[in-house]
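All remarks here apply to the structure that follows.
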Amino acid sequence: MKTRSQTAPKPLKTVALAPRSSGSKRSSRPKPAGKGDPRAPKKPPTAFFYFMEDFRKTYKQENPSVKSMQEIGKACGGKWNTMAFEEKVKYYDIATEKRAEFEKAMIEYNKKKESGEISEESD
DNA sequence: TCATTGATTGTTGAT
DNA sequence: ATCAACAATCAATGA
């Protein structure tokens, strides 16, 4: 409800009227601004990641032989899909709070940039 | 690097 | 000029 995301597939507008007109495939990010940013707020882990932290331990206990995150990741995704929203909401809640802080940090970060770019702290 | 999914951000297109 | 949507990249882990 507050955030725009949260897996809320809403009907589009422009897309409905103009599906893909103006052929312009923006393949790849035109301007990777977040590459050389001095102190750009990094993205906080998503609910899935938080769940993974907990799942990792559990999975490791049941599968001490499995150390590859690749396999755990698949297992995580599999279970994540079977998990009830009530269980997931718990991780969503954590991630949501983190995002709130991240958003705030991003706003200030943008302001700084707008103000006059951030001085690269000469260490 | 790989895989998982979610989330964010940026750019562009259209009105 | 502003809204809306898309699209791609990134986030951590652990060998």
Side-chain angles (χ1 to χ4, degrees):
Chain A
M1 304 51 155
K2 26 187 123 126
T3 51
R4 46 177 69 64
S5 318
Q6 191 162 117
T7 71
K10 282 176 72 172
L12 319 182
K13 272 191 190 169
T14 53
V15 135
L17 297 166
R20 282 85 168 278
S21 302
S22 7
S24 249
K25 36 174 85 189
R26 326 164 195 95
S27 336
S28 339
R29 244 196 321 170
K31 285 159 77 157
K35 187 125 194 176
D37 279 344
R39 318 157 193 312
K42 287 188 183 153
K43 307 174 184 179
T46 63
F48 180 70
F49 272 50
Y50 281 109
F51 165 66
M52 195 205 272
E53 287 181 66
D54 187 51
F55 183 88
R56 264 192 327 112
K57 298 172 188 171
T58 305
Y59 191 91
K60 197 175 177 180
Q61 286 175 21
E62 297 189 43
N63 306 285
S65 308
V66 177
K67 298 192 243 148
S68 335
M69 289 305 301
Q70 287 99 336
E71 186 158 334
I72 297 173
K74 286 185 185 178
C76 278
K79 176 145 184 187
W80 186 252
N81 283 290
T82 60
M83 273 178 78
F85 181 74
E86 293 179 36
E87 300 293 309
K88 295 195 290 190
V89 91
K90 158 172 139 196
Y91 299 98
Y92 273 99
D93 184 62
I94 301 167
T96 301
E97 291 182 69
K98 294 293 179 190
R99 285 191 302 258
E101 289 186 74
F102 167 75
E103 282 185 81
K104 204 168 64 177
M106 175 58 81
I107 292 163
E108 289 191 62
Y109 163 75
N110 283 330
K111 279 171 73 173
K112 282 184 176 184
K113 270 184 89 171
E114 197 185 337
S115 193
E117 259 192 87
I118 305 171
S119 287
E120 211 173 311
E121 205 170 277
S122 342
D123 193 55

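All chains are named by letter (A, B, ...) in the order of the sequence lines, taking the proteins before the strands, and each is independently numbered beginning at 1. Heavy-atom basis, side chains included; hydrogens, waters and symmetry copies ignored.
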Legend entry - Distance in angstrom units between Lys43(A) NZ and dA7(B) P, rounded: 12 Å
Inset, instruction - State, with a plain yes or no, whether a side-chain heavy atom of Gln61(A) is found less than 4.5 Å away from one of Thr58(A). - result: no
Inset, instruction - Using whole Å, report how far CD1 of Ile94(A) lies from P of dA12(C). - result: 16 Å
Inset, instruction - Could you check whether Phe102(A) gets within reach of a base, just the sugar-phosphate, or nothing at all, counting any heavy atom under 4.0 Å? - result: sugar-phosphate
Legend entry - CZ on Arg99(A) to CD1 on Ile94(A), rounded to 0.5 Å: 11.0 Å
Inset, instruction - Tell me, yes or no, whether the heavy-atom count around Lys88(A) atom NZ, taken from other residues, nucleotides or ligands under 6.0 Å, exceeds 12. - result: yes
Inset, instruction - Take the angle between the ring planes of Phe51(A) and Trp80(A) and call it parallel below 30°, perpendicular above 60°, tilted in between. - result: tilted
Inset, instruction - Please round to the nearest 0.5 Å and tell me the distance separating atom NZ of Lys79(A) and atom CD of Glu87(A). - result: 8.5 Å
Legend entry - Heavy-atom closest pair, residues Pro45(A) and Ala95(A): O-CB, 4.0 Å
Detail all sub-3.5 Å separations between protein N/O atoms and N/O atoms belonging to nucleotides 1-5 of chain B.
unit_1, atom_1, unit_2, atom_2, d
dC2(B), O2, Gln70(A), NE2, 2.1
dT4(B), O4', Gly73(A), O, 3.3

Legend entry - Spacing of Tyr50(A) atom OH relative to dG6(B) atom P, expressed in whole Å: 15 Å
Inset, instruction - Calculate the interatomic distance between Lys57(A) atom NZ and dA12(C) atom C1'; express it in whole Å. - result: 13 Å
Inset, instruction - Starting from the 5' end of DNA chain B, give me the residue, Ala47(A) or Met106(A), whose nearest nucleotide shows up first. - result: Ala47(A)
Inset, instruction - Figure out the NZ/P separation between Lys98(A) and dA12(C), and round it to whole Å. - result: 13 Å
